[in-house]
Amino acid sequence: MSKLRIKQEEQLSIKFSHLLGVGERRKLDLYFSLPKEMGIGPQSLDEEEYYFSAVLGRRSYYSQGLHLPLVQSRFISQKKRTLEEYRLYMNLFAYQFVVAMENDAKELSRQTDTPQFYQDLNELTVHCATLLRRFRRNAPADTKWKHYFENADNYLSWFCEQQLLKLLKDAPQPEQYQHVHGKVLSLCHMEQHHRENHKYNSSQTMTEPNRIANKMLLLRRLIQQGVVLKEELKPLGVGLKKLTTGLATALVMLVVSSLIIKAQGVFNGVTMVMVLVLALIYGAREIFKDDVRNAMWRYVQRGRPRWSRILRDTTTQNLIAKQLVWLEFMRQKDLPEAVQEILRRRHSQNKVEAEILHYGISTKVEDTDFLSGYNTIQEQVIFSLVPFARYLERGKDKIYSEDNGTISSEAVERRYQINLVVVCRKEKQPPQYARFKITMNWSQIVDLSLSDIPDTLPMIDELVDEATLPAATTRLDNSTAPRISDYPANGDSAAKDSHQA
């Protein structure tokens, strides 16, 4: 059922996503092997600061059967639904629409084959126009309901226009595909006129990019209400850290007090020499106090989770899942034997000293009822490698070549390879493994590929390897990331009692 996917998200970020069912327990461990020549380690990168600035997660309801509940006449004809139910199901549709459009646009932007790009762009435009038309066909007449509909319609119209214009901006424009280019621009103009005719935005807002962008960000947050789970993050070990700090201070003061008593025995009375010795003792205490405390805290904290997270339904406030999160630099000898065996499989030229950054997340999904029609939640976590890139060197070397007596040179970039080992543990089953190679320079991720692991270790059976998927099916695969093209063009044929998230 579930598919674990790890892929490049932006130029300097990677994303992993997976699905969790009702009552499921799973622990995922990601071990980043960072070559020491990158200059990244516990002395240069604070784990807590990195977590809050560069690790972005999102947990939401998910349904593999992608349907359009709002375009079904059965849904509209049921007058028994309350205002809250209407808003919830509309948000479910709008959120899924946005995520699908976003994923299709990102993968289409990576398409290098021009004919295939315009073929997919034409298909995306048709799907987008069809879904918007069917969505608006069922606009409510009640003014209390219409307000929520207008907010969603305003955002969907603007977002689709922005995604299509972004794709056209950097796309090649051969003459044989001008009809597709014009078709996309025509849809963008229609959406712009649609927002103007309905007076969704003031003239001042429409003419100022900052205002329109911030307003749309607010509208996006509104349509996430009820779909994205509410998160309550709590740091662990607060009391233990206070106890460790007190113990470290006591040990330092014990040494300082012993030195003071010994100094008083050596010097008779209060002399300038004794005052100078006491000053040196107290100065040494200030120097080593923090070092002793940090060393003790790292020892005590080693292997312990750093945070706990509770996931709740934003509408009912029901407890959906509990999570424990680890993030720490590990010593090589503390790595599991299987992970060490996987890292030893590297080519000889890549067997360099490395720092190990470990990210772990353990999830226990409750047996409680999910939102009606759902039995799965999706977790997506994005790791930004920008904090890593700031330590990397830019390429300064040149490669020289000779051709018919003419010597030429070409600048080369400095590249680094990060090995990522993923360990997945489900319930009481034995752990499964996978290894990825991340090749990057100071400005971007050059390559992300799946690598071999020893035959004695089980491979993660739910892993989606995008590198092995044909180019034509990469965008339309049945994976955890929803696609616009997954929605039926004739929305009336969707299953009657299912809802998507």
Side-chain angles (χ1 to χ4, degrees), residues 6-16 28-57 291 294-295 298 301-303 306 325-336 338-361 381-399 410-423 433-453 467:
I6 295 182
K7 66 173 185 176
Q8 181 178 348
E9 179 69 3
E10 301 290 348
Q11 283 192 329
L12 276 172
S13 64
I14 62 172
K15 178 175 74 174
F16 87 80
L28 283 174
D29 292 289
L30 282 72
Y31 299 91
F32 293 86
S33 178
L34 310 171
K36 286 196 172 182
E37 59 180 348
M38 295 178 71
I40 303 169
Q43 295 79 22
S44 60
L45 184 67
D46 181 78
E47 299 101 316
E48 185 171 344
E49 182 181 343
Y50 177 75
Y51 178 78
F52 286 107
S53 64
V55 180
L56 177 64
D291 293 338
N294 293 338
R298 280 197 171 275
Q301 192 187 35
R302 188 176 299 156
R306 299 287 294 271
V325 182
W326 287 258
L327 185 63
E328 60 181 343
F329 280 98
M330 297 184 63
R331 299 177 298 181
Q332 291 280 351
K333 62 180 182 180
D334 293 334
L335 284 175
V339 176
Q340 295 187 32
E341 183 180 354
I342 291 174
L343 292 176
R344 284 196 292 267
R345 192 179 178 86
R346 295 172 294 173
H347 293 298
S348 57
Q349 66 268 25
N350 294 327
K351 291 182 180 179
V352 295
E353 292 188 5
E355 295 281 358
I356 304 296
L357 179 62
H358 168 233
Y359 174 86
I361 185 164
V381 180
I382 298 176
F383 294 91
S384 172
L385 304 188
V386 173
F388 298 170
R390 68 168 60 108
Y391 296 101
L392 306 185
E393 296 180 0
R394 301 190 182 189
K396 298 180 180 178
D397 296 331
K398 292 184 178 181
I399 294 294
E410 184 175 353
V412 295
E413 61 184 10
R414 182 73 172 90
R415 293 184 175 181
Y416 302 83
Q417 186 178 100
I418 299 174
N419 281 273
L420 171 60
V421 179
V422 183
V423 184
Y433 304 88
R435 179 169 75 96
F436 293 84
K437 290 190 297 184
I438 305 172
T439 305
M440 63 177 295
N441 55 30
W442 67 274
S443 63
Q444 64 178 346
I445 296 175
V446 179
D447 182 57
L448 172 61
S449 59
L450 183 65
S451 300
D452 295 334
I453 62 173

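Sequence positions, counted from 1, serve as the residue numbers for this chain. We use all heavy atoms of the structure for the numbers below, so side chains are in, but hydrogens, waters and symmetry mates are not.
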**OP:** Test Tyr359 against Phe16 for side-chain contact (heavy atoms from CB on, under 4.5 Å), laying out the working first.
**Re:** CA-CA 12 Å; Tyr359 174 86; Phe16 87 80; 4.1 Å; yes

Taking the side chain from [X] and the backbone from [Y], do they hold a donor-acceptor pair closer than 3.5 Å?
X	Y	result
Tyr51	Asp46	no
Glu328	Glu47	no
Ser44	Gly39	yes
Gln43	Leu45	no
Arg435	Ile453	no

Any [X] side-chain heavy atom under 4.5 Å of [Y] side chain:
X	Y	value
Gln417	Thr439	yes
Leu357	Ile40	no
Met38	Glu355	no

Original post:
Relative to each other, are the rings of His358 and Trp326 parallel, tilted or perpendicular (30° and 60° limits)?
Top reply: tilted

Original post:
What is the ring orientation for Phe388 with Phe32, classed by angle as parallel under 30°, tilted 30 to 60°, or perpendicular over 60°?
Top reply: perpendicular

Subject >> Taking every non-hydrogen atom, the tightest pair across Tyr433 and Ala338 >> reply: OH-CB, 3.3 Å

**OP:** Hey, could you give me the CD1/CD distance between Ile445 and Glu10, rounded to the nearest 0.5 Å?
**Re:** 10.0 Å

Original post:
Passes side-chain contact (heavy atoms from CB on, under 4.5 Å), Met440 versus Ile418? Steps please.
Top reply: CA-CA 8 Å; Met440 63 177 295; Ile418 299 174; 3.7 Å; yes

Original post:
Passes side-chain contact (heavy atoms from CB on, under 4.5 Å), Ile356 versus Val339? Steps please.
Top reply: CA-CA 11 Å; Ile356 304 296; Val339 176; over 6 Å; no

Original post:
Step by step, would you call Ile382 with Lys15 a side-chain contact (heavy atoms from CB on, under 4.5 Å)?
Top reply: CA-CA 4 Å; Ile382 298 176; Lys15 178 175 74 174; 3.8 Å; yes

